[in-house]
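Values below: every heavy atom of this structure, side chains too, minus hydrogens, waters and symmetry copies. Because the structure is predicted, anything quoted here is derived from the model rather than measured. Nothing fancy with the numbering, it's 1 onward along the sequence. Just follow the structure's listing: the first ligand is 1, and inside any ligand the first atom is 1.
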Amino acid sequence: MQYVFGPVLSRRLGLSLGVDLLPPSKVCSMDCVYCECGKTQRQNLTLERREWVPTEVVKGELEEILSNPELELDFVTFSGNGEPTLHTRFGEIAKFVKEIRPDLKVALLTNASTLWMGEVLKELKYVDLVSPSLDAVTEKVFRKVNHPVKGLTVEKVLKGLKKLKETFGGEIWIETLFVKGINDSPGEVEKIGEWIHRLKPDRWQINTVVRPPAYRVQGLTEEELIQIARRVNYNPTDIVCYNYLRLEPKKKTEAEKVREKLLNLVKRRPSPLGELKRALNLTEEGFEELIETLLREGKVELVTYGGEKFLTSTQKGE
Ligand code: SF4
């Protein structure tokens with residue numbers, strides 16, 4: 001598979017099948033200091049919309065994976081190596097997902113740089129959830145944190161977010177990623193907060209640098225994020241990097257079911273890591289993230305026996 005990856009356990013979306021619509025070299029309208037995909041090369045920093053990867057190949061991969069009726073997911077998500085809305089046919093691909101699996105929800109993670117374009121908003125017809133980024137609302141801070149392509153201003157981003165709010169019928173979860181000393185000043189936080197209250201997203205998700213970033217920058221502590229959440233006082237706000245899967249769903253997400261399945265398995269008996277990974281059908285990354293979280297929460301422990309690593313429950317009596 002070249003363009004479809006996972007399912008992965010996403011902090012924000014639960015169990016998610018990723019669709020990457022940009023080439024591996026990363027194509028994006030920004031070069032964010034915190035990007036997990038590395039720096040955006042100058043020649044790939046663009047707002048040009050085109051069919052960056054072949055639509056038919058993406059559809060073929062999706063068909064192959066989604067035709068498995070046992071595959072349960074919370075979302076099929078457009079994300080990955082760059083800005084997905086730069087692909088001119090992402091709306092058609094979303095429609096294709098709905099045609100083969102109408103039961104699945106489609107999410108779009110976007111940096112919001114193209115939402116002021118009418119043609120991009122039209123492509124959202126088959127998308128259930130849009131999660132746009134808003135890391136700054138003043139031009140100076142926007143340039144510092146997002147390093148946008150020439151011609152892209154924060155004014156355009158805010159205009160796009162307003163248009164999204166007016167025209168999109170699905171859910172909107174705005175994400176703000178705070179970087180120490182760059183977009184976390186009291187003044188900027190206050191202005192971001194004003195925009196959040198004005199745009200009224202279904203959720204405001206605040207995040208910080210928790211994975212190796214493209215530039216040498218640092219994240220905020222949990223306490224600092226809590227302070228920001230208190231100051232902005234928007235409901236609902238999720239601190240996604242520190243509260244794993246605290247999404248307050250109406251029903252259990254697939255990710256929570258996987259977590260529960262793992263806890264039940266290890267409650268019965270210590271299980272080798274390899275066996276658990278196979279039983280849960282997760283990617284390496286998703287599996288490691290889940291184990292790390294459960295270790296951090298003190299729900300499980302690792303023990304070595306006969307040279308092999310086993311996971312055991314710390315809650316056997318419950
Ligand atoms: S918008 Fe997303 S993909 Fe593009 S540079 Fe920023 S974090 Fe990376």
Residue-ligand contact [X]/ligand 1, heavy atom below 4.0 Å:
X: Gly82; result: yes
X: Glu83; result: no
X: Lys26; result: yes

List ligand 1 atoms under 4.0 Å from Tyr34, heavy atoms only on the residue side. 7 (S)
Any atoms of ligand 1 less than 4.0 Å from a non-hydrogen atom of Asn111? List them with their elements. 1 (S)
Check each of Ser131, Ser79, Pro132, Ser29 against Thr110 using the side-chain contact (heavy atoms from CB on, under 4.5 Å) test, and report the only one that passes. Pro132
Please write down residue, atom name and distance for the protein heavy atom closest to [atom].
atom: atom 8 (Fe) of ligand 1; answer: Cys35 SG, 2.3 Å
atom: atom 6 (Fe) of ligand 1; answer: Cys32 SG, 2.3 Å
atom: atom 2 (Fe) of ligand 1; answer: Cys28 SG, 4.6 Å

Under a 3.5 Å distance rule, please check whether [X] uses its side chain to pair with a backbone N or O of [Y] as donor and acceptor.
X: Glu289; Y: Thr293; result: no
X: Glu188; Y: Val137; result: yes
X: Ser16; Y: Leu13; result: no

Ser25 side chain to Gln41 side chain, donor-acceptor N/O pair below 3.5 angstrom: no
Is any NZ, NE, NH1 or NH2 atom of the basic residue among Lys159 and Glu155 found under 4.0 Å from an Asp or Glu carboxylate oxygen of the other? no
